[in-house]
Amino acid sequence: MNLLELYNNETIHMEAYPVAELLKKVAELEKYHLEEKGIVLETRSDDTRLVMDVDLMESLLINLIDNAMKASKEGDTIRVEAKDGCIFVEDHGKGIAAEEIPKITEAFYMVDKSRSRQEGGAGLGLALCVKIAEVHGGRLDITSQLGTGTKVRVIFDKKKIR
């Protein structure tokens, strides 16, 4: 199944774009959702420009932030930082068991099936994020610990950094 079939080569528009602007746009898009849940979003970025399709990268980051919100509780902080050709989203929420981490990027896989149904998830978000990262010459690196939180890094090919 090609998750990016909707985005054929003619639809993807790659351009050098300031990562700080991307984070600002995503923070604005997520502002009300975060306020509603009582969660703080901190963003920080160096002056890097990445070659990207802005809409796809917005989708990737929104998905990662939404996942972080689902794992977090009121009063928590989610951090999004971009530096050295890497963007990461970090929460201090429920965390993911080590044996689940290799499976969570598979389409339709859900760690907490009851929570995902309540939140309206279908288990496609991280699989889509992997594909978006690949389109950008990047990859996801996920680290997590139960009860401590999760950090998802999007690591880009150095050729995409400006």
Side-chain heavy atoms of I39 within contact of I78, under 4.5 Å = yes
task = Kindly compute the distance separating CD1 (I65) from OG (S72), expressed to the nearest 0.5 Å.
result = 11.0 Å
task = State whether the side chain of D76 and the backbone N or O of K73 hold a donor-acceptor pair below 3.5 Å, judged by distance alone.
result = yes
query = Heavy atoms, side chains only, cut-off 4.5 Å: are M69 and L34 in contact?
reply = yes
ask   = Hey, are the side chains of H13 and D55 touching, using non-hydrogen atoms and a 4.5 Å cut-off?
value = no
ask   = In the single-linkage hydrophobic clustering (I, L, V, M, F, W, Y; side-chain heavy atoms under 4.5 Å), do I12 and L128 co-cluster?
value = yes
Salt bridge (Lys or Arg N to Asp or Glu O under 4.0 Å) contacts in which one or both residues fall within residues 137-152, not counting sequence neighbours = D141-R153
ask   = Do I132 and M57 have side chains that get closer than 4.5 Å, going by heavy atoms?
value = yes
note = Between L64 and C129 the two heavy atoms that sit nearest each other are CD2-SG, 4.1 Å
message = More than 12 heavy atoms of other residues, nucleotides or ligands under 6.0 Å from CD of E74: yes or no?
response = no
request  = For T148, check side-chain contact (heavy atoms from CB on, under 4.5 Å) against everything at least two apart and list the hits.
outcome  = Q145
ask   = Is the closest side-chain heavy-atom distance between T143 and T150 below 4.5 Å?
value = no
ask   = Would you call I87 and F156 a side-chain contact if the rule is heavy atoms closer than 4.5 Å?
value = yes
ask   = At what distance, to the nearest 0.5 angstrom, does CG of D91 lie from NZ of K70?
value = 12.5 Å
query = Do L50 and I155 share a hydrophobic cluster, counting only Ile, Leu, Val, Met, Phe, Trp and Tyr and linking them when any side-chain heavy atoms are less than 4.5 Å apart?
reply = no
ask   = If Ile, Leu, Val, Met, Phe, Trp and Tyr residues are connected whenever their side-chain heavy atoms lie under 4.5 Å apart, and connections chain through other members, are L140 and F88 in the same group?
value = no
Show the atom names and distances, to 0.1 Å, of all donor-acceptor pairs under 3.5 Å that link a side chain in residues 20-32 to residues at least two apart or in another chain.
residue: K25; atom: NZ; partner: E58; partner atom: OE2; Å: 2.9

query = Hey, does L56 have a side-chain heavy atom less than 4.5 Å from the side chain of H136?
reply = yes
ask   = Hey, are E90 and R79 close enough for a salt bridge, meaning a charged N less than 4.0 Å from a carboxylate O?
value = yes
